[in-house]
Asker: 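So that we are looking at the same thing, I have put the structure below in C-alpha cells.
Along the sequence shown, residues are numbered consecutively beginning with 1. Atom set for the values below is all heavy atoms of this structure, side chains included, hydrogens, waters and symmetry mates excluded.
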Amino acid sequence: MRAEAIMAVGQAYMRARWRALTLRNRTSLKAFHQRALHRLTRQASRELSFYTACSGGDFSSFPIIDKTILLENFSRLNRGGLSLESVREALSRGEERLAGRIIGMSTGTSGNRGYYVITERERFTWLGTILAKALPDALWRSHRVALALPALSDLYRAASIGSRIQLRFFDLALGPESWMDELTAFAPDTLVAPPKVLRALAEQGRLKAPRLFSSAEVLDDIDKRIIEDATGFRVRQIYMATEGLFAVSCPFGTLHLAEDVVHFEFEQSITDSALVSPVVTDFTRREQGMIRYRMNDLFELDHARCPCQSAFQAVARIDGRCDDAFLLADQSGARQLVSPDVLRNAIVRSDPTIDDFRLIQTGPDDIVLQLSDALGATVARKAALEVETMLKRRGLTANLTLRHGILADYTRKLRRVRRDWRA
C-alpha cells in the first residue's frame, strides 16, 4: 500500500476509534453532528451546483432527495460534473475509473441501479472506518479475511492492498460449491458473506472462521439461529449500501448506526408499525453529495443501552425494503401496506419446523407462499392459514397459492418477503 494510502487509512481508523471513545452520550454526539453538518452544507453549496440555491441556509433548507432525484441530477451532484451516461458507458466497458475518480454501481435489487463517484481518499477513509468498527486491532494484528459477495467493488479491493490483511474474494455468481474447498484451505479468521451463504457453509460443517459478519442481505432470525447453533460463534452484521457505510455490530452483537460518519433522520413509512426508513447524510462524502438521501430500507430502532455502552443508536433489526411491503385491498377497496415483519412473523410462528420460505405478492390480490419440500402438507396448511388469518384480522383479502420447493440462487439477494407486483 502506498504511503499516502496508509496514512489515509490510519487517519480514518484513528478518528473512528477516537470518536467511539469520546462521543459517549447523545449530547456530545448531537454537538458533533451540528458542527459536521454546518461544515458539510457550506462545502456542498459552494462545490455542487444542485445545492447552489441553498447557499447561506442551514441544514434543514437542504431538500430530501432519493435515487430518482440523484440520477436525474447526477452531474450536478458530483464535483467533477460527470454525467450519468458517461459513468454508465465507462462501467459497461469494464472501467472502474473516470476522470481520475472511482466509479461504481449497485446490484440493482430494487429494479434500478444506483451509481456512485468517490475519490481515492474517500475510498481509504471508508476502509479505515470499517476496520476500526469491525477489526479494531487490524493496525497491529494480521487477519485473514474472506469475502463471499456478488461482486468485488473497488471499495473492497482496497482492503487487499495492506500487509496486515490477507484478503480473498469468492464470487457468489460461481456458487459456493466451486470455491468451498479453496475457502477451507485459506482458513480465514474473518468471513463476510450474505446470511444464506453463512448458513449453507454452517450446515455443511465448513464454517470455521471465529469472526462472522453478515452483509448484503437482511439477517433473518431463522438464519442467525441456525448459523450460531452450528458454529458456536456470534453472527455480527455490516450494514452498507452504494450510499455508504451505515452500521456495524459491536462485539455484543448489537447493530449500531455509524453516527460518527453519518447523520440519520427517520421517517415512518408504514402506519401502525414500529419500522422506520432512514434519511442519511454522509459526512465523509464530498465528491458526490449524499445529503438528506432517503433510503428504501426498513428497520426498527432499539432504545435500550447496549452493554458496550456506545452512544451510537442501536438497531433492533433490519427488516427489508419499503417496496417489499405488501399492498392489499381492504373491504372498501382501498389499498393498505402490510410490513415485511408482520408477514414474516405470521409464517414463522405457525410452526417451529419452518426454517425457510418465500412469500411473494405476484398480483393485486395474489400471494404465493413457497415452502421447502421437506415440510409436510400439515405444516404448509398451518402456515397458509396463519397468513390468511392475519390478513383477515386486518380486513384485507388475498388469494394465496401454496407451492413446494425453493431453489437456491446465489446470484441475487435473498428476500424472503417481497412484492413483485407494482401498482
Asker: Restricting to pairs with a member in residues 47-56, which pass salt bridge (charged side-chain N to carboxylate O under 4.0 Å, His left out), not counting sequence neighbours?
Answerer: E47-R79, E47-R286

Asker: Could you name each residue pair satisfying salt bridge (charged side-chain N to carboxylate O under 4.0 Å, His left out) that touches residues 231-245, not counting sequence neighbours?
Answerer: none

Asker: Verify, without hydrogens or angle tests, whether D319 (side chain) and L298 (backbone) share a donor-acceptor contact under 3.5 angstrom.
Answerer: no

Asker: By the side-chain hydrogen bond (donor to acceptor under 3.5 Å, both in side chains) test, which pairs, at least two apart or in different chains, include something from residues 55-66?
Answerer: D58-S60

Asker: Do F213 and L191 make a side-chain contact, defined as non-hydrogen atoms from C-beta onward lying under 4.5 Å apart?
Answerer: no

Asker: Which salt bridge (charged side-chain N to carboxylate O under 4.0 Å, His left out) pairs, counting each pair once, include a residue from residues 291-301, with sequence neighbours left out?
Answerer: E265-R292, E267-R294, E300-R317

Asker: Is D181 salt-bridged to R206, going by a charged N under 4.0 Å from an acidic O?
Answerer: yes

Asker: Please check if the side chain of R121 supplies one atom and the backbone of T119 the other of a donor-acceptor pair under 3.5 Å.
Answerer: no

Asker: Is a side-chain N or O of E228 found less than 3.5 angstrom from the main chain of V235, in a donor-acceptor match?
Answerer: yes

Asker: Is the shortest side-chain heavy-atom distance between C250 and C306 below 4.5 Å?
Answerer: yes

Asker: Mind checking ring-ring contact (aromatic ring centres under 6.0 Å, His included) for F170 and listing every partner two or more places apart, or none if nothing turns up?
Answerer: W179

Asker: Please, which pairs that meet side-chain hydrogen bond (donor to acceptor under 3.5 Å, both in side chains) have at least one residue in residues 274-283, sequence neighbours excluded?
Answerer: S269-S277, D282-T284

Asker: Evaluate the side-chain proximity of R422 to D323: yes if any heavy-atom separation is below 4.5 Å, no if none is.
Answerer: yes

Asker: Please tell me if the side chains of W421 and I360 come closer than 4.5 Å, counting only heavy atoms from C-beta onward.
Answerer: no

Asker: Decide, yes or no, whether a salt bridge links D220 with R199 under the criterion of side-chain N to carboxylate O below 4.0 Å.
Answerer: no

Asker: So E386 and D351, do their side chains get closer than 4.5 Å, heavy atoms only?
Answerer: no

Asker: According to side chain to side chain contact (heavy atoms under 4.5 Å, CB included), who are the partners of Q331, at least two apart in sequence or on a separate chain?
Answerer: none

Asker: Verify, without hydrogens or angle tests, whether E217 (side chain) and L414 (backbone) share a donor-acceptor contact under 3.5 angstrom.
Answerer: yes

Asker: Can you tell me if E259 uses its side chain to pair, donor with acceptor, with the backbone of Q313 under 3.5 Å?
Answerer: yes

Asker: Around atom CZ of R24, are there more than 12 heavy atoms from other residues, nucleotides or ligands closer than 6.0 Å?
Answerer: yes

Asker: Tell me which donor-acceptor pairs under 3.5 Å the side chains of residues 401-409 have, and how far apart each pair is, sequence neighbours excluded?
Answerer:
from	atom 1	to	atom 2	distance (Å)
D409	OD1	T411	N	3.0
D409	OD1	T411	OG1	2.5

Asker: For F59, what residues pass the ring-ring contact (aromatic ring centres under 6.0 Å, His included) criterion, not counting sequence neighbours?
Answerer: H263

Asker: Side chains of F32 and R19, heavy atoms from C-beta outward: is any pair under 4.5 Å?
Answerer: yes

Asker: Just jot down the ring-ring contact (aromatic ring centres under 6.0 Å, His included) partners of Y51, sequence neighbours excluded, or say none.
Answerer: F62

Asker: For S28 and N25, test the side chains for any donor-to-acceptor distance below 3.5 angstrom and give the result as yes or no.
Answerer: yes

Asker: Check whether more than 12 heavy atoms from other residues, nucleotides or ligands sit under 6.0 Å from atom CZ of R42, and answer yes or no.
Answerer: no

Asker: If we only count heavy atoms from C-beta on, is the V387 to I347 side-chain gap below 4.5 Å?
Answerer: yes

Asker: Under a 3.5 Å distance rule, please check whether R419 uses its side chain to pair with a backbone N or O of Q361 as donor and acceptor.
Answerer: no

Asker: Which salt bridge (charged side-chain N to carboxylate O under 4.0 Å, His left out) pairs, counting each pair once, include a residue from residues 360-376, with sequence neighbours left out?
Answerer: R335-D365

Asker: Could R123 and E120 be called an ion pair, given the rule that one side-chain N must be under 4.0 Å from one carboxylate O?
Answerer: yes

Asker: List for me each residue that meets ring-ring contact (aromatic ring centres under 6.0 Å, His included) alongside F246, sequence neighbours excluded, and say none if there are none.
Answerer: Y239

Asker: Distance from L255 atom CG to F299 atom CZ, nearest 0.5 Å?
Answerer: 8.5 Å

Asker: Taking the side chain from R113 and the backbone from M105, do they hold a donor-acceptor pair closer than 3.5 Å?
Answerer: no

